[in-house]
Visitor: 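Let me begin by handing over the structure; questions about it come next.
Below, chains carry the letters A, B, ... as their sequence lines are ordered, and counting in each starts from 1. Below, each value reflects all heavy atoms present in this structure, side chains not excepted, and no hydrogens, waters or symmetry copies.
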There are 2 protein chains.
Amino acid sequence: MYSGGVSTPERLIESTRELLWERGYVGTSPKAILERAGAGQGSMYHHFKGKPDLALAAIRRTAQELRASAERVLDGPGTPYERIEAYLRRERDVLRGCPIGRLTMDPDIIASAELRAPVDETIDRIRRRIAEIVEEGKRQGQFAPALDGEEIGATVLATVQGGYVLARAAGSPAPFDAGVRGLLALLAPRTPGQEN
Amino acid sequence: MYSGGVSTPERLIESTRELLWERGYVGTSPKAILERAGAGQGSMYHHFKGKPDLALAAIRRTAQELRASAERVLDGPGTPYERIEAYLRRERDVLRGCPIGRLTMDPDIIASAELRAPVDETIDRIRRRIAEIVEEGKRQGQFAPALDGEEIGATVLATVQGGYVLARAAGSPAPFDAGVRGLLALLAPRTPGQEN
DNA sequence: GTCTATAGATTGATAGAC
DNA sequence: GTCTATCAATCTATAGAC
């Protein structure tokens, strides 16, 4: 339950972000949001048009934060391989899953162009940033010329998103970590004299 | 809506399978199941203890079918690489997602050991089968000895599961196909004289 | 701007007629 | 074995007092 010097709309958005992550859109009721935010029924409908409007505000903020934190890692120091490795290995609460990726399994999100848009944009931007890094690595001779940046970008992001699925199914982060290690082994940069 | 010479419990299970795939567990109501099955309230509670019991029957059947069809491809003809390629490229209704994988984003499925069990078992068995095939490929010299079968198995399955996430976010199967192509490029078998 | 009261629909489940 | 009727609780939303 949020309190402190934070405004009511702010508490509503933060509570919605948490619940969307935990239970998805379909599984999140206004009542649950209001309880967590410590607000009454009227407050929500005063500040937002309804559940979809509040969810949109919450999703936009989560998308923005996720994109920023991913790009901080991808634009950090190191060789192309090292930056992709940093992205794959960065700290994650694996069993909670991806707060943006999980929304793609929500039928009401996918049915609404407005709610799906920030999800699409976030995933697409990260994927394209990885694609650029792979192309950079190809120019530097770190990756094989036969690799396609766009394709590897999709593979990297899919491994992460699918890693969450495997981990949640198993009830353990281990399969996520295994998938990441497998991908890194496949991506391992070519060093002089190395045959694979 | 199911009819024909099919029994009522059968129609209930099939309707539940469809709805779990489309809307997940949280998003599927007994009412919706009954409407699709063309049955009344009483029928469902006569044959099943309730929503979780019916869902369990539906999930077990879907899990069984998915495992069988995946293993048919993985145990088919061809080299280890070709069998993994066949698995990755097999026909999929990409935008519908995986009927088993999507359940991992359902909080009520994950909260129930009984409902999660068939999901876990299905994913785990396919992953281990791929791991065996990778080890077989290593023995044949088709894959680099440095690769770990268990890890690559997780990477392959994660790429598929995550590919669905990317595709549904984009509203197009293209990112799924791109991710698969990227992974296949990384897995590409070593042929005599080839350096990467 | 916040609250409670209330609305009509839907949820998951039960009772009891046929 | 199937149906309709009914249940208490919850859903999303609105009304209106403060």
Side-chain angles (χ1 to χ4, degrees), chain A residues 1-59 103 106-112 114-115, chain B residues 1-59 103 105-112 114-116:
Chain A
M1 223 239 258
Y2 283 93
S3 294
V6 186
S7 71
T8 297
E10 189 60 26
R11 281 181 287 127
L12 288 169
I13 291 176
E14 287 301 315
S15 297
T16 305
R17 296 208 313 146
E18 292 177 3
L19 282 163
L20 285 179
W21 196 353
E22 292 168 20
R23 303 196 44 84
Y25 182 85
V26 170
T28 296
S29 70
K31 190 190 176 197
I33 294 169
L34 295 168
E35 275 173 8
R36 191 171 293 216
Q41 294 279 104
S43 282
M44 170 179 149
Y45 289 98
H46 176 75
H47 295 287
F48 301 94
K49 276 178 268 179
K51 179 182 169 179
D53 189 43
L54 174 52
L56 183 58
I59 292 170
L103 298 175
D106 234 303
D108 293 3
I109 300 279
I110 296 302
S112 157
E114 207 174 14
L115 291 175
Chain B
M1 223 238 254
Y2 282 91
S3 294
V6 186
S7 71
T8 297
E10 189 60 26
R11 281 181 286 128
L12 288 169
I13 291 176
E14 287 300 315
S15 298
T16 304
R17 296 208 314 145
E18 292 177 4
L19 282 162
L20 285 179
W21 196 353
E22 292 168 19
R23 304 196 43 84
Y25 183 85
V26 170
T28 295
S29 70
K31 190 190 175 198
I33 294 170
L34 295 168
E35 276 173 8
R36 193 171 292 216
Q41 294 280 105
S43 282
M44 169 177 149
Y45 288 98
H46 176 74
H47 295 287
F48 301 94
K49 275 179 267 176
K51 180 181 169 180
D53 189 43
L54 175 51
L56 182 58
I59 292 171
L103 298 175
M105 295 303 144
D106 233 302
D108 292 3
I109 300 279
I110 296 302
S112 158
E114 207 175 15
L115 291 175
R116 185 171 63 83

Visitor: Find the distance Phe48(B):CZ to dG1(D):P and express it as a whole number of Å.
Guide: 12 Å

Visitor: State, to 0.1 Å, how close Val6(B) and Arg11(B) come at their nearest heavy-atom pair, and which atoms those are.
Guide: O-NE, 3.4 Å

Visitor: Quick one: do Leu34(A) and Leu12(A) satisfy side-chain contact (heavy atoms from CB on, under 4.5 Å)? Show the steps, please.
Guide: CA-CA 7 Å; Leu34(A) 295 168; Leu12(A) 288 169; 3.8 Å; yes

Visitor: Which parts of nucleotides 11-18 of chain C does protein reach within less than 4.0 Å, heavy atoms only, written one letter per nucleotide 5' to 3' as B for base, S for sugar-phosphate only and - for none?
Guide: SSBB----

Visitor: If the helix axis at each end comes from five base pairs, how far does the helix from dG1(C)-dC18(D) to dC18(C)-dG1(D) deviate from straight, to 10°?
Guide: 10°

Visitor: Between Arg17(B) and Glu14(B), is there a salt bridge with N-O shorter than 4.0 Å?
Guide: yes

Visitor: Closest heavy-atom contact between Arg23(B) and Val26(A)?
Guide: NH2-CG2, 4.2 Å

Visitor: Output yes when at least one side-chain N/O atom of Thr8(A) is less than 4.0 Å from OP1 or OP2 of dG1(C), else no.
Guide: no

Visitor: Starting from the C-alpha separation in whole Å, work towards a yes-or-no answer on side-chain contact (heavy atoms from CB on, under 4.5 Å) for Phe48(B) and Ile13(B).
Guide: CA-CA 10 Å; Phe48(B) 301 94; Ile13(B) 291 176; 3.7 Å; yes

Visitor: For the pair made of CD1 in Ile33(B) and P in dT10(C), what is the distance, rounded to whole Å?
Guide: 16 Å

Visitor: Using the ring of Tyr25(A) (Phe, Tyr or Trp, six-membered ring only), decide whether Lys51(A) places NZ or CZ under 6.0 Å from its centre and within 45 degrees of its axis.
Guide: yes

Visitor: Tell me, with the steps shown, if Asp108(B) and Leu115(B) meet side-chain contact (heavy atoms from CB on, under 4.5 Å).
Guide: CA-CA 8 Å; Asp108(B) 292 3; Leu115(B) 291 175; 5.8 Å; no

Visitor: Over how many whole Å does the gap from Asp53(A) atom CG to dA13(D) atom C1' extend?
Guide: 14 Å

Visitor: Would you kindly give the CD-to-P distance between Glu10(B) and dG1(D), to the nearest whole Å?
Guide: 15 Å

Visitor: Rounding to an integer number of Å, can you tell me how far His46(A) NE2 sits from dA15(D) C1'?
Guide: 15 Å

Visitor: Considering only NZ, NE, NH1 and NH2 on the basic side and carboxylate oxygens on the acidic side, decide whether Arg36(B) and Glu22(B) come within less than 4.0 Å.
Guide: yes

